Amino acid sequence: MSHAIAHILNNDCPQCQKGKVFNEKSIFFTFGFPKMNEYCSHCHYKFEKEPGYFFGAMYVNYGLTVAQSIATYGIAQFFFQEKFDLRIIPIIAFVIIALASFNIRLSRLLWIYMFKNYSM
Ligand SMILES: [Zn+2]
């Protein structure tokens, strides 16, 4: 499992772990809409199995965003006197916007890894 996480963060093909899913150097510091390879350059695994395949990844993305918001709140609250200071909200908003592009990539990678054919 820890293997899979390393490969996900490495943007590796779920099938052969040699090709790349996104046609980008890093999934961490890239902004704008992700450029995805259609097939793995190494094993020709098709990433988008059918049109709308990544629709479900939006739910993963939502889950990530909620988790990050809670984590941000958890960290930010230590810097404020009151338990729920309203100034935390813009901080959370900033973090979400900063991570949005990364989350699109991460959620799609997670989605591919969740539904890859493990028998192959
Ligand atoms: Zn591959």
Side-chain angles (χ1 to χ4, degrees):
M1 191 60 204
S2 58
H3 246 86
I5 291 165
H7 286 305
I8 287 169
L9 294 177
N10 244 333
N11 182 28
D12 289 335
C13 165
Q15 181 92 343
C16 65
Q17 275 97 41
K18 291 198 174 75
K20 296 289 176 198
V21 176
F22 290 103
N23 188 17
E24 294 155 345
K25 271 212 175 98
S26 159
I27 64 164
F28 296 102
F29 303 105
T30 322
F31 293 94
F33 205 77
K35 289 184 270 309
M36 224 178 160
N37 294 321
E38 200 175 341
Y39 296 94
C40 173
S41 59
H42 188 81
C43 69
H44 304 289
Y45 180 81
K46 193 171 197 283
F47 296 127
E48 187 164 8
K49 291 196 176 112
E50 64 215 6
Y53 179 67
F54 291 110
F55 185 77
M58 289 198 323
Y59 296 104
V60 179
N61 196 342
Y62 177 73
L64 287 170
T65 306
V66 171
Q68 287 156 355
S69 306
I70 293 168
T72 305
Y73 171 74
I75 296 165
Q77 61 148 348
F78 291 114
F79 298 96
F80 294 95
Q81 304 249 297
E82 287 182 55
K83 196 105 195 101
F84 194 82
D85 196 303
L86 286 177
R87 283 173 294 178
I88 294 175
I89 291 173
I91 296 171
I92 292 172
F94 174 78
V95 171
I96 290 170
I97 292 164
L99 289 173
S101 185
F102 169 66
N103 281 345
I104 294 173
R105 290 161 177 84
L106 183 61
S107 62
R108 286 187 170 207
L109 283 163
L110 286 168
W111 191 252
I112 289 174
Y113 273 78
M114 275 193 282
F115 292 101
K116 74 169 181 174
N117 193 345
Y118 280 95
S119 64
M120 282 168 78

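All ligand and atom numbering here is 1-based and tracks the order in the structure. Computed from a predicted model, the values in this text were never measured in an experiment.
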A.B. asks: Return all side-chain donor-acceptor pairs below 3.5 angstrom for residues 67-79, not counting sequence neighbours, or 'none' if the list is empty.
C.D. replies:
residue: Q68; atom: OE1; partner: N103; partner atom: ND2; Å: 2.8
residue: Q68; atom: NE2; partner: N103; partner atom: OD1; Å: 2.9
residue: S69; atom: OG; partner: T65; partner atom: O; Å: 2.7
residue: T72; atom: OG1; partner: Q68; partner atom: O; Å: 2.6
residue: Y73; atom: OH; partner: K83; partner atom: O; Å: 2.7
residue: Q77; atom: OE1; partner: K83; partner atom: NZ; Å: 3.0

A.B. asks: State, with a plain yes or no, whether a side-chain heavy atom of M36 is found less than 4.5 Å away from one of R108.
C.D. replies: yes
A.B. asks: I need the protein N, O or S atoms closer than 2.8 Å to the Zn ion (ligand 1), given as residue plus atom name.
C.D. replies: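 Only C13 SG, C16 SG, C40 SG, C43 SG fall inside 2.8 Å of the Zn ion (ligand 1).
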A.B. asks: Quick check on F80: does its CZ atom have over 12 non-hydrogen neighbours (other residues, nucleotides or ligands) under 6.0 Å away?
C.D. replies: yes
A.B. asks: Between Y59 and F55, what is the ring plane arrangement, given parallel below 30°, perpendicular above 60°, and tilted in between?
C.D. replies: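 Correct class here is perpendicular.
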A.B. asks: Counting distance only, does the side-chain N/O of N11 pair as donor-acceptor with the main-chain N or O of I27 below 3.5 Å?
C.D. replies: no
A.B. asks: Would you call K18 and D12 a salt bridge, taking side-chain N to carboxylate O under 4.0 Å as the test?
C.D. replies: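 The answer is no: the pair does not qualify as a salt bridge.
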